[in-house]
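Some notes on the structure that comes next.
Per chain, numbering begins at 1; letters A, B, ... match sequence-line order.
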Amino acid sequence: MIILFLDFIDQVTSILNDAVRSAGFEAEDMELGPSQHADLSSRIAFRLASVAKQSPKDVAEKIAGEIVIPKGSFIEKVEALGPYLNIWASRNFIEGTVLAIREQKEAFGGNFSEGRILLEHTSANPNGPLHVGHIRNSIIGDTLGRILKRAGYDVELHYYVNDMGRQIAIVSWALGHFEFDESSKPDHAIADVYIKANAELNAHPEKVAEIDKLMQLVEKGDAATIETFDKAVDLAVSGIKETLKKMNVAHDEFPKESSFIRSGDVSRIVEEIKATGRTEIDNGALVVNLQDYGFEKTLVIQRTDGTSLYTTRDLAYHEWKGERADRIIDVFGADHKLISGQLKATLNAIGKKEPEFVIFEFVSLPEGSMSTRSGKFISADDLLDQIKTQAYEEVDKRRPEMPDDFKAKVAEIVGIGAVRYDIVKVSPEKSTVFDWKEALDFEKQGGPFIQYSHARACSILQKARDEGLWKPEEPINTALLVEGSEVSLIKKMAMFDNMLDQCAKELRPHTFAIYARELADAFNQFYRFVSVLNAEDEQLRSTRIALVDCARMVLANTLDTLGLGAPESM
RNA sequence: GGGUCCGUGGCUUAGCCUGGAUAUAGCACCGGGCUUCUAACCCGGGGGUCGUGGGUUCAACUCCCACCGGUCCCGCCA
C-alpha cells in the first residue's frame with residue numbers, strides 16, 4: 001500500500017534523525033510542521049541550541065551539512081534558513097502521487113488504520129423535529145464517521161433513542177389530550193402536541209403527577225403505557241430519520257433506552273456501582289460520590305421513587321457499547337459536558353471502557369437559545385426547504401438553458417452541500433448564532449465552491465471524451481507536469497492521507513473542511529493557468545487529462561468524506 | 001458563588017492542545033480578467049493594539065495568573 005504524505009513524513013524523520021546524530025546532537029522529536037516556506041519544516045534547531053550552547057542558526061546549518069538523501073527519495077532537498085530546516089519534496093514524490101492516484105483510484109489515501117469504533121451522534125429526544133442546533137451534532141458526527149471509515153476503521157453509527165424520559169412521558173400524555181395532526185410530517189406534529197402539553201402543565205402544575213405516574217408505569221413494564229410511549233417515539237423518530245436522510249446522514253442502529261431497563265442491565269449496573277462503596281442515600285435518592293474524580297457534587301442515579309435516570313441508563317448503554325468496540329466516541333452538545341465527565345468517571349470506577357467525547361458548543365437564535373418545549377426553534381426541515389429554494393434560483397441564474405429537472409437536482413446537491421459545509425467548517429468549540437442571511441448566502445467560498453471545481457474537472461473530461469482526445473490506455477509522462485499550479489495541485493492531493501489521519505486522531509472534522517477548500521482552490525488555479533485540451537502536444541495533453549482525472553477522484557473523495565454530493569455538472 | 005468554552009481587520013473565521021520565519025481564509029470594499037476546457041472562477045489592493053493588564057521565556061495569538069464581555073453547566077430533566 002502506498003501512503004504518500006505519511007511516507008514523506010517518515011522519510012524526512014529518518015533522514016533528519018541521521019543528520020542530527022551525525023552532527024553530534026541528540027533528539028527524539030524532529031519537530032516537523034507545515035510551512036509557508038517549504039513543503040515541511042523542522043524547528044529542531046531551537047531545541048538543540050540551548051543544550052549545545054550554540055546558536056539555533058549554527059545548529060541548523062550543521063544538521064543541514066550532514067543531510068544525506070538516498071536515491072529515489074521523496075525528498076528533494078533540506079536547507080537551513082536561519083534556525084529553520086526547510087524540506088522540499090522531490091519529483092519522485094510528485095510524480096509518484098499522480099501514479100498512486102491512478103492506480104488506487106477511489107481507495108487513494110485511505111485504509112491505514114484498523115479497529116472497531118462505535119460512534120454515537122445526534123440522539124436528539126424524539127419530542128419533535130431536529131432543529132438547527134441538533135444538526136450541528138449530526139453533521140459533525142456523520143463527517144467524523146466518514147473520516148474514520150475512510151481511514152480504515154470499522155465504524156458503527158448509533159442514534160440513541162430516549163424512549164422513556166420525562167419528555168417522552170409528556171409527549172405520550174399529550175397524544176391523549178390534544179389532537180394529532182395527521183397531515184403534518186410526524187415529528188412536527190409531535191412537537192405541536194408536546195408544546196401544547198407543556199403549556200398545559202405550566203398552567204396546571206397539579207397535572208404533573210400524571211406524568212410521574214406514566215414514568216413509573218413504564219419503568220415497571222406496564223404494557224399499555226409502553227405501547228403509547230412507543231407509538232409517540234416511533235412517530236417522531238420516523239420524521240427525524242427522513243430529515244437525516246435528506247442531509248446524507250445515516251445511522252446503523254437506533255438502540256432504545258428502555259431496552260437496557262428491560263434487559264436488567266440498568267439494575268445490574270446500579271448494583272455494581274453500589275459494590276464500589278461510593279453510593280449513599282441522600283434525601284431518599286441513590287447518589288454516587290465522585291469527589292476523587294474532581295466532582296464536588298454527587299451524581300444521582302436513582303430517584304426517590306426508585307426509577308432510573310437518563311444517566312443510569314446511559315451507564316448501561318456505554319457498558320454495552322464498550323463490549324462491542326475498541327473505542328467509543330460520543331458527539332454531545334456543550335450542555336452535556338458535566339454529565340459526560342461524570343459518566344466517564346463512573347465507568348472508570350467500575351472498571352468499564354471509557355468513551356471519548358466530541359463536544360460542540362450551542363447554536364442559538366438572535367433572540368436567545370432554542371427550545372423545543374416552548375416552540376422556539378428553527379427546524380432543520382425549514383432550513384433545508386429554504387436553502388433548496390434559494391439554490392434553485394442560483395442554478396436558474398447561472399444555467400437558464402438547462403431543463404427543470406437538472407436545476408432541481410443540482411439545487412438539492414448544492415443546497416445540502418452549502419448547509420453541511422457551513423456547519424462543519426467551524427471548530428466545534430465556537431458557539432454560533434443562527435442567521436438566515438448567512439445560511440442562505442451562496443456567494444461565500446463554501447460547499448458549492450468545492451463542488452464547482454469537481455464539476456469543472458468533469459467538464460474537461462467530458463469534452464475530452466466527446467472529442468476523442470482521451471485515450472486512457474495511452475502511457476502518460478508525469479515528468480511533463482512541471483507548471484507551478486500543477487505541482488501545487490499534486491502536493492495538495494498528496495496531503496489527503498495526512499489530513500485524514502490527523503482528523504481521525506484529533507476527532508476534529510472541521511480541519512478536513514479547510515483542506516477541502518484548499519484543494520478546490522488549488523484546482524481552480526490550475527484550471528485558470530494551465531490549458532488541458534489545448535496543450536502544446538499530444539503527450540502533454542494526455543498527461544494533463546490524466547491529472548484532471550486524478551483531481552476529479554480526489555475531489556470526489558473529499559466531497560464524499562464531508563458528506564457532500566459531487567455533481568458532474570452544475 | 002463554583003466550573004466550562006469562546007473573545008483574532010466592518011462581519012464570519014484558521015492557527016492555540018504540541019510557543020518560534022511577514023497571523024489563515026472568506027464576505028463586504030477598491031481595481032483588473034470571459035472570441036480559448038462552466039466567471040458558483042481567477043489575479044491585484046486597502047484594512048488587524050490577536051478582549052484588557054500582568055507573568056514565564058532567547059521568543060507569546062499560542063503557556064500561567066487576574067480582570068472585562070458573552071455561552072453552557074452546577075443531584076432526583078435529558
Polar pairs (N or O, both sides) under 3.5 Å between protein and nucleotides 24-28 of chain B?
residue, atom, partner, partner atom, Å
rA25(B), O2', R517(A), NE, 3.4
rA25(B), O2', R517(A), NH1, 3.2
rA25(B), O2', R517(A), NH2, 3.2
rG26(B), O2', Q445(A), N, 3.3

Check the interface with nucleotides 75-78 of chain B: list each N/O to N/O pair with the protein under 3.5 Å, or write none.
residue, atom, partner, partner atom, Å
rG75(B), N7, T298(A), OG1, 3.2
rC76(B), O3', R303(A), NE, 3.0
rC76(B), O2', R303(A), NE, 3.1
rC76(B), O2, T304(A), N, 2.8
rC76(B), O2, T304(A), OG1, 2.9
rC76(B), N3, T304(A), OG1, 2.8
rC76(B), N4, N283(A), O, 3.2
rC77(B), OP2, R166(A), NE, 3.3
rC77(B), OP2, R166(A), NH2, 3.3
rC77(B), OP2, R303(A), NE, 3.2
rC77(B), O2', Q167(A), OE1, 3.2
rA78(B), OP1, R303(A), NH2, 3.1
rA78(B), OP2, Y310(A), N, 3.3
rA78(B), O3', N162(A), ND2, 2.7
rA78(B), O2', N125(A), OD1, 3.2
rA78(B), O2', N125(A), ND2, 3.0

Set out, line by line, the N/O atom pairs under 3.5 Å between protein and nucleotides 18-20 of chain B.
residue, atom, partner, partner atom, Å
rG20(B), O3', Y84(A), OH, 3.3
rG20(B), O2', Y84(A), OH, 2.3
rG20(B), O6, R47(A), NH1, 3.3

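Distances from the side chain of K463(A) to the nucleotides rA40(B), rC37(B), rU71(B) place rC37(B) closest.
With sequence neighbours left out, T558(A) forms a side chain to side chain donor-acceptor pair (under 3.5 Å) with no residue at all. Partners of T311(A) according to the side chain to side chain donor-acceptor pair (under 3.5 Å) rule, which considers only residues two or more places apart in sequence or in another chain, do not exist here. For N283(A), there are no side chain to side chain donor-acceptor pair (under 3.5 Å) partners at least two apart in sequence or on another chain. Applying the side chain to side chain donor-acceptor pair (under 3.5 Å) rule to E200(A) yields the partners K207(A); only residues at least two apart in sequence or on another chain are considered. Listed by chain and number, the residues in a side-chain contact (heavy atoms from CB on, under 4.5 Å) with K220(A) amount to none (sequence neighbours excluded). Listed by chain and number, the residues in a side-chain contact (heavy atoms from CB on, under 4.5 Å) with A513(A) are Y421(A), V424(A), K425(A), L562(A) (sequence neighbours excluded). Evaluation of the ring pair (Phe, Tyr, Trp, His ring centres under 6.0 Å) rule for F434(A) yields W436(A) as partners, not counting sequence neighbours.
N86(A) contributes a side-chain N or O that forms a donor-acceptor pair with the base of rA21(B) under 3.5 Å. Within 3.5 Å, a donor on the side chain of H37(A) pairs with an acceptor on the base of rU22(B), or the reverse. Taking 3.5 Å as the limit, the base of rA21(B) and the side chain of S35(A) contain a donor-acceptor pair of atoms between them.
Heavy atoms from other residues, nucleotides or ligands lying under 6.0 Å from CD of E28(A) number 12 at most.
The shortest distance between the side-chain N/O atoms of S427(A) and the OP1/OP2 oxygens of rA14(B) is below 4.0 Å. Not one side-chain nitrogen or oxygen of R528(A) sits closer than 4.0 Å to the OP1 or OP2 atom of rC41(B). Between K437(A) and the phosphate of rU12(B), there is no side-chain N or O to OP1/OP2 separation shorter than 4.0 Å.
Distance check on atom P: rU24(B) versus rG46(B) gives 13 Å, rounded to whole Å. Between rG47(B) and rA14(B), the two P atoms lie 24 Å apart (nearest whole Å). On the C1' atoms, rG69(B) is 26 Å away from rA28(B), given to the nearest whole Å. Rounded to whole Å, the separation between the P atoms of rG9(B) and rU52(B) comes to 10 Å. Nucleotides rG33(B) and rA39(B) place their P atoms 16 Å apart, quoted to the nearest Å. To the nearest whole angstrom, the two C1' atoms, one in rG55(B) and one in rU12(B), are 33 Å apart. As rounded to the nearest Å, rA78(B) and rC5(B) have P atoms that lie 26 Å from one another. Between the C1' atoms of rG10(B) and rC65(B), the separation comes to 33 Å (whole Å).
Spacing between atom CZ of F529(A) and atom C1' of rC42(B) amounts to 6 Å, rounded to whole angstrom units.
S453(A) comes within contact range of no nucleotide atom at all, as no heavy-atom separation falls under 4.0 Å. Using a 4.0 Å heavy-atom cutoff across all strands shown, V288(A) reaches no nucleic acid atom at all. In this structure, L81(A) reaches the bases: a heavy-atom distance under 4.0 Å links it to at least one base atom across the strands shown. V414(A) comes within 4.0 angstrom of a base, heavy atoms only. Nucleic acid contact class of E361(A) (heavy atoms, under 4.0 Å, all strands): base. A334(A) comes within contact range of the sugar-phosphate backbone alone, with a heavy-atom separation under 4.0 Å but no base atom that close.
With its glycosidic angle more than 90° from 0, rG15(B) adopts the anti conformation.
Sorted by first and then second residue, the pairs that involve residues 524-536 of chain A and meet side chain to side chain donor-acceptor pair (under 3.5 Å), not counting sequence neighbours, are R456(A)-N524(A).
In this structure, Y310(A) and H336(A) have perpendicular ring planes: the angle between them is above 60°, well past the 30° mark.
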Worksheet item: After noting the C-alpha distance and the side-chain angles of D212(A) and Q216(A), does the key distance pass the side chain to side chain donor-acceptor pair (under 3.5 Å) rule?
Response: CA-CA 6 Å; D212(A) 294 337; Q216(A) 284 165 28; over 6 Å; no
Fill in: Test salt bridge (Lys or Arg N to Asp or Glu O under 4.0 Å) applied to E393(A) and K407(A), step by step
CA-CA 9 Å; E393(A) 272 177 43; K407(A) 292 177 190 168; over 6 Å; no
Practice prompt. In sequence, state the C-alpha distance, the side-chain angles, and the governing distance for D187(A) and V237(A), and then conclude on side-chain contact (heavy atoms from CB on, under 4.5 Å).
Written response: CA-CA 7 Å; D187(A) 46 344; V237(A) 170; over 6 Å; no
Just distance, no hydrogens or angles: give the donor-acceptor pairs under 3.5 Å from side chains in residues 39-48 of chain A, sequence neighbours left out.
residue, atom, partner, partner atom, Å
D39(A), OD1, K491(A), NZ, 3.0
D39(A), OD2, A89(A), N, 2.8
D39(A), OD2, K491(A), NZ, 3.0
S41(A), OG, N86(A), OD1, 3.4
S42(A), OG, M30(A), O, 2.7
S42(A), OG, I44(A), N, 3.2
R47(A), NE, E31(A), OE2, 2.9
R47(A), NH2, E31(A), OE1, 3.3

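In this structure, rU24(B) makes no Watson-Crick or G-U wobble pair, since no nucleotide meets both defining distances under 3.5 angstrom. The base-pairing partner of rG48(B), taking Watson-Crick or G-U wobble contacts with both distances under 3.5 Å, does not exist among the strands shown.
Of the two residues near RNA chain B, V395(A) and H510(A), the one whose nearest nucleotide lies more 5' is H510(A).
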